[in-house]
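Everything below concerns the one structure shown next.
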Amino acid sequence: MGGQVVTITSGKGGVGKTTATANLGVALARRGQRVVCIDADIGLRNLDVVLGLENRIVYDLVDVIEGRAKLRQGLIKDKRLPELHLLPAAQKRDKTAVTDKQMIKLCDDLRKEFDFVLVDSPAGIEGGFKYSIAPAYQVLIVVTPEVSSVRDADRVIGLVEAQEKSSPRLIINRMRPSMVRRGEMLATSDVLEILSIELLGIVPEDEAIITSTNKGHPVALEDHSPAGAAFTRIAQRMMGEDVAFQALDESGGLLDRFSRLFRR
Amino acid sequence: MTISFKGTREGLLITLGEGVWHDVLNELAAQLNRPSAQSFFKGARVILETGARPIAVTELEELIALFAQHEMTLTSVMGERQTQEAFDQVQASLPPPESLTRGNADETGVPPDATTALLVHRTVRSGQVIRHAGTVVVIGDVNPGAEVIAEGDVIVWGKLRGVVHAGASGNENAIVGALVLTPTQLRIGGYIARAPDDRRSGNWVAEIARVRGEQIIVELWSA
Ligand SMILES: Nc1ncnc2c1ncn2[C@@H]1O[C@H](COP(=O)(O)OP(=O)(O)OP(=O)(O)O)[C@@H](O)[C@H]1O
Ligand SMILES: [Mg+2]
């Protein structure tokens, strides 16, 4: 059997893929899951910074793929959470350094030892996106409640659907309930109406994300921040637990209806 | 498997998967050349589904040439916008589409294009284009950024919010119908209309657009 390969992608850049990967990795590891996060954004690595593991890098993804380092040597173990590991991106290479086949092989090897292999995809729909989703068993789409982000997410969902993978699931990030109430931001229901895929969770806009990113200390390491709690609930859902959607998730009854609608 | 074949009422659905173009083309040629398959493929109308793979002009030309060897005609393409642009460029070299006039039922009472409708049973998403030399029926939504181009009618059992062109080779009798008709742009034959800004999505009122007196009008879809 082995673990699941889950790719986090979005189409549009800067919507929170890396933030989501780091925090879901932390939240899953805190619940005892063996997790490896792969930074697939070759040339623009930053998952290591968000996880606070930058100073521990010796080898990277491309070193492992090209055989200069053994898989074991490439993985960085997080001292805070023994179950959490990072395979960092190469800094001085570009996205042509890796092929779909190589990523599939790598993830197949990792699945034997980990419960979750999380792949942080680069933005866009080019090569980097393709080799990131090639090994995926499950694809998570990160979207912010903005028209342009939703449009790009829709495009990416179409590309994933064309690949005979299981239907992608959605994370709505940076939600601001007060703006939705004033009609200044798309509501959850507006986003779901267009994308019509299963909602995995909603993460609120949270200043704690910014400070934690700078410190390399993901919010999901603690329980008190709203975003950290939201990522923890998403991690639980990824583990198959049935976690109710919170009131923060805005539109209340409507949302319940949607999550039921899309449950298989 | 990179290539799949499926016989449908509308024609032969050929789906091309991932892989190096040269290999895909060779495999397709080998499949079409199998002696046992000759009669099955000969004269078929082809619906080409290219999924996430963009097809370049030269690649499309190779496909069309291959189909021609087997007396097959490419009538529909479902895929990426880039593929559709390639299709536009080579279309001049294609055999002229059959004339598909709507409504003028023959003696049997069956409209002539009834057998050529293409059924698309999914959400057509941003960046995807569906083109068909007949009527297109979508069961699902046509999202903003998606496009449906049909030589016949376009019927959407869902929300139509993308770009739609019915009667694309000049048939002004074509219609567009949807459960929610709020397209970004709507064309019938040579006429163009845009949904007025005050038409908010979400109203489930089935409507039909058609050409009446030199313009596109929208009316309630009631028999
Ligand atoms: N819920 C949130 N609340 C506040 N800030 C957030 C939230 N999620 C992400 N951010 C901020 O948004 C910025 C972009 O996030 P991130 O780097 O995770 O996006 P990305 O999708 O990985 O970007 P790229 O496409 O460049 O890889 C960061 O500065 C991050 O701190
Ligand atoms: Mg990133």
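Computation of the quantities below employed the complete heavy-atom set of this structure, encompassing side-chain atoms and omitting hydrogens, waters and symmetry-equivalent molecules. Each chain gets a letter, A, B and so on, in the order the sequences are listed, and its residues count up from 1. Small disclaimer: the values here were computed from a predicted structure and weren't measured.
If you take CG on D152(A) and OG on S126(B), they are separated by 7.0 Å, rounding to the nearest 0.5 Å.
Nearest heavy-atom pair, I194(A) versus R125(B), reported as atom, atom and distance to 0.1 Å: O-NH1, 4.1 Å. Taking both residues in full, the closest heavy atoms of D154(A) and P144(B) are given as OD2-O, 4.3 Å, listed atom of the first, atom of the second, then distance.
The number of heavy atoms from other shown groups lying within 6.0 Å of OH (Y191(B)) is above 12.
Interface check for chain B: of the options R155(A), K130(A), E161(A), the most heavy-atom pairs under 4.5 Å are formed by R155(A).
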